[in-house]
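Here is the structure we will look at, set down as structure tokens.
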Amino acid sequence: MKNETHKHATNGADCCSADAKINNQKKQTHDHDHDHGHDHNHDEVAGWKMFLPAILSFVLLMIAIGIDNYFPIAIFTGWVRVGWYLLAYLPVGWPVLKEAIQNMRNGAFFTEFFLMSIATLGAFYIGEYPEGVAVMLFYAIGELFQTLAVTRAKSNIKALLDQRPDTATVMVDGNPVTKKAATITIGEIIQLKPGEKVALDGILLSDSATFNTAALTGESKPDTKRKGDTVLAGMINLNTSGLVEVTTAYTDSKLSKILEMVQEATAKKAPTELFIRKFANIYTPIVVFLAIGICLLPMLFVSDYNFNDWLYRALVFLVVSCPCALVISIPLGYFGGIGAASKNGILFKGSTFLDTMASIQAVVMDKTGTLTKGVFKVQEVVASGYTEQELVHYTAALETHSTHPVGTAIIAYANGGEKGIPVTEVEEIAGHGLKGRINGKTILAGNVKLLQKFKIPYDTAIENTPYTIITVAIDGQYVGYFLISDEIKEDAPQAIANLHQLGIQTVMLSGDKQAVVSAVANELRIDTAYGDLLPEDKVRQVQQLKDRNLKLAFVGDGVNDAPVIALADAGIAMGGLGSDATIETADIVIQNDQPSKIHTAIAIGKKTKQIVWQNIGMAFIVKAVVLILGAGGLATMWEAVFADVGVALLAILNAVRIQKMKF
């Protein structure tokens with residue numbers, strides 16, 4: 001990132017880059033000494049005070065224009081008149097002149113500061129004082145509105161996400177003590193009052209509590225948690241007092257990671273944004289040399305050549321050529337897209353993924369935890385050679401060494417019967433199940449592939465049931481199975497239907513057996529579904545789709561999905577139930593685990609790209625027209641101001657409107 005910051009400091013085209021606006025606070029502090037690029041962060045100048053220089057300049061300009069045209073004063077001539085206009089110019093012009101000088105010292109000559117300085121000083125040179133002041137004044141006002149737009153976009157996202165209270169009530173020897181949230185350690189018990197926000201991630205110790213999770217998930221519906229459930233920082237306790245045991249440090253909470261993701265998101269630039277910045281690098285010096293040509297070349301061909309007339313045309317050309325409308329509105333458009341997604345409980349880790357989602361052709365999904373709730377219940381236990389109770393207790397004891405939802409279901413079914421059973425030499429066999437030793441016996445628990453791997457015969461009829469099967473073998477003998485069912489998420493059918501409406505191909509990949517996968521796929525009307533897959537099989541299936549030149553997104557939640565998420569053009573993680581490894585690897589995180597948000601993410605990507613290209617088209621068309629008119633002497637500085645500042649403001653308004661849209 002240091003290299004990128006340095007580039008920003010020395011590249012003229014980056015003068016309006018969003019980097020300076022949306023870097024996190026830590027980086028702002030570091031970059032302040034090194035970055036002389038265009039910075040729209042004016043946090044130190046609050047509210048209306050930002051407008052004081054522009055207001056002063058405007059008042060002085062209006063007085064001067066009034067004296068020039070309506071209320072003539074005898075002494076308002078010569079150096080008095082020049083001095084007055086100079087006073088009107090300095091409040092808005094001096095900061096720009098200073099930035100131009102600093103950038104030139106760093107080797108960046110062709111910046112917008114250089115363009116505006118030359119254009120306005122040139123206007124003073126030919127005696128067009130009102131226009132020189134007006135151009136700089138309107139440019140300064142445009143910059144202020146850009147600053148407000150960026151600051152508002154930042155504060156909107158910060159307000160959406162940074163819901164952590166600074167303090168929390170900790171129970172010490174049975175007494176409530178208020179402590180700073182950042183100093184609370186893992187294992188401490190915090191007390192939650194009704195209406196209070198959770199300060200740190202933890203486990204609910206009370207019987208139940210209802211929380212507003214909108215800040216984290218974008219979901220307004222209250223979520224009731226039971227004893228032992230995970231409670232996350234930023235949730236709001238709605239009804240009863242409760243106790244939460246802290247499980248994660250303040251800086252490591254899920255909300256902290258979410259904030260970090262959003263703050264770092266704009267470091268990954270979209271291809272469109274990178275193209276415009278590279279284009280501006282070439283475009284800006286070209287128009288400077290064209291302006292010089294407009295001013296000087298006519299003397300070779302025009303008999304009544306007047307230097308001041310052609311200089312005026314060149315100055316108009318320079319003002320129009322300023323690339324500000326492009327290089328500020330485009331990053332702001334992507335930033336608006338990231339903000340709109342955050343509001344809907346979707347985290348994009350970079351603007352490049354907004355572009356990617358806009359062109360997705362296929363969505364590949366995991367089954368458990370993505371399309372289904374991942375909340376399993378044991379429906380039936382069939383034992384052979386052992387009693388049902390022995391089978392349940394042994395298997396549950398082994399599953400205590402697993403985090404898989406199926407294992408959790410078996411443990412819940414055992415209802416504590418697994419406690420006190422010693423398990424040793426536990427080994428997880430990826431994509432198959434668990435192996436361990438209990439009372440000197442080797443026990444296997446997993447899918448049928450586990451039995452096949454160890455060449456243990458079993459009743460093959462169980463492969464045809466449309467439910468999840470966990471088979472068990474002890475000392476090389478098949479001893480029974482658990483019949484377990486999962487529930488499809490409420491919005492999963494609508495999610496698939498929405499994707500089909502967009503003409504997007506849907507594929508489901510699962511480690512579960514084919515009969516279960518096919519049953520879910522048929523119910524949801526998924527185009528293609530593959531079961532009995534190991535992690536490497538999922539990678540192979542996704543690679544085959546990529547070999548068909550399909551732009552695809554993969555959606556998953558388990559740690560086994562991390563390699564596939566990394567391979568896909570856009571990796572999407574379910575953030576509520578998802579593993580940390582998957583969330584870290586993913587490009588996009590759906591915080592409330594709703595598959596319908598996949599369509600929302602695509603819609604936001606498409607709308608963001610549409611707005612960005614609207615801004616590009618508008619800026620190019622208006623600038624091209626006024627550039628031609630200016631070169632021909634048909635446009636004045638006033639038209640030039642509109643082509644620069646006016647178009648920039650229109651582009652900004654167009655960019656920020658995405659945050660008001662409903663998806």
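Throughout, residue positions are numbered sequentially from 1 according to the sequence presented. Owing to the predicted nature of the structure, the values given are computational and were not obtained by experimental measurement.
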Do [X] and [Y] have side-chain heavy atoms sitting under 4.5 Å apart?
X	Y	value
Leu567	Phe554	no
Leu545	Val364	yes
His393	Lys419	no
Lys609	Leu354	no
Tyr413	Thr408	no
Ile184	Ile190	yes
Ile572	Ile565	no
Lys225	Phe211	yes

For residues [X] and [Y], report the shortest heavy-atom separation together with the two atoms involved.
X	Y	answer
Ala655	Asn615	CB-ND2, 4.0 Å
Gly187	Glu245	O-CG, 4.0 Å
Gln594	Ile590	O-CG2, 3.7 Å
Asn344	Ile604	ND2-CD1, 4.2 Å
Ser241	Pro194	OG-CD, 3.6 Å
Leu391	Phe482	O-CZ, 3.9 Å

- request: Walk me through it: do Leu232 and Val198 pass the test side chain to side chain contact (heavy atoms under 4.5 Å, CB included)?
  value: CA-CA 7 Å; Leu232 300 177; Val198 182; over 6 Å; no

Ignoring hydrogens and geometry, is there a side-chain-to-backbone donor-acceptor pair from [X] to [Y] under 3.5 Å?
X	Y	result
Asp201	Ala233	yes
Gln379	Ile484	no
Thr210	Thr224	no
Thr465	Ile462	no
Asp229	Arg226	yes
Lys489	Asp593	yes
Glu428	Leu434	no
Lys513	Asn447	no
Asp355	Ser351	no
Asn237	Glu196	no

- request: Identify which one of Val363, Ile588, Ile346 satisfies the side-chain contact (heavy atoms from CB on, under 4.5 Å) criterion when paired with Ile598.
  value: Val363

Measuring from atom [atom1] of [X] to atom [atom2] of [Y], what distance do you get when rounded to the nearest 0.5 angstrom?
X	Y	atom1	atom2	result
Leu524	Ile488	CG	CD1	4.5 Å
Leu552	Ile360	CG	CD1	6.5 Å
Lys197	Thr167	NZ	OG1	11.5 Å
Leu444	Leu450	CG	CG	5.0 Å
Lys449	Thr471	NZ	OG1	11.0 Å
Arg657	Ile652	CZ	CD1	14.5 Å

Side chain to side chain contact (heavy atoms under 4.5 Å, CB included) between Lys453 and Ile429, intermediate numbers included: CA-CA 10 Å; Lys453 180 180 178 68; Ile429 303 169; 4.0 Å; yes

Output side-chain donor-acceptor pairs under 3.5 Å for residues 493-502, partner residues at least two apart or in another chain, one line each.
residue: Gln494; atom: NE2; partner: Asn498; partner atom: OD1; Å: 2.8
residue: Asn498; atom: ND2; partner: Gln494; partner atom: O; Å: 3.3
residue: His500; atom: NE2; partner: Thr506; partner atom: OG1; Å: 3.0
residue: His500; atom: NE2; partner: Asp527; partner atom: OD1; Å: 3.3
residue: His500; atom: NE2; partner: Asp527; partner atom: OD2; Å: 3.3

query: Could you go step by step and tell me if Leu398 and Thr400 meet the side chain to side chain contact (heavy atoms under 4.5 Å, CB included) rule?
result: CA-CA 5 Å; Leu398 181 61; Thr400 58; over 6 Å; no

Is the closest side-chain donor-acceptor distance between [X] and [Y] under 3.5 Å?
X	Y	result
Asn522	Arg525	no
Tyr481	Asp459	no
Asp547	Gln543	yes

query: Do other residues, nucleotides or ligands put more than 12 heavy atoms under 6.0 Å from the NZ atom of Lys435?
result: no

query: What do you reckon, is CZ of Phe663 surrounded by more than 12 foreign heavy atoms closer than 6.0 Å?
result: yes

query: Yes or no on salt bridge (charged side-chain N to carboxylate O under 4.0 Å, His left out) for Asp537 and Arg540, after CA distance, side-chain angles and deciding distance?
result: CA-CA 5 Å; Asp537 297 326; Arg540 187 171 60 253; 2.8 Å; yes

Working for side chain to side chain donor-acceptor pair (under 3.5 Å), residues Gln610 and Lys607: CA-CA 5 Å; Gln610 179 187 1; Lys607 180 54 70 173; 3.0 Å; yes

Salt bridge flag under 4.0 Å for residues [X] and [Y]:
X	Y	answer
Lys546	Asp569	yes
Glu487	Lys377	no
Asp366	Lys538	yes

field: Reference residue Lys367; test side-chain hydrogen bond (donor to acceptor under 3.5 Å, both in side chains); the match among Asp512, Thr372, Asp486, Thr468
entry: Asp512

message: For Tyr458, give me all partners under side-chain hydrogen bond (donor to acceptor under 3.5 Å, both in side chains), at least two apart in sequence or on another chain.
response: Gln452, Glu463

task: For the pair Leu347 and Ser342, evaluate side chain to side chain contact (heavy atoms under 4.5 Å, CB included) and give the outcome as yes or no after the intermediate values.
output: CA-CA 5 Å; Leu347 295 181; Ser342 298; 3.9 Å; yes

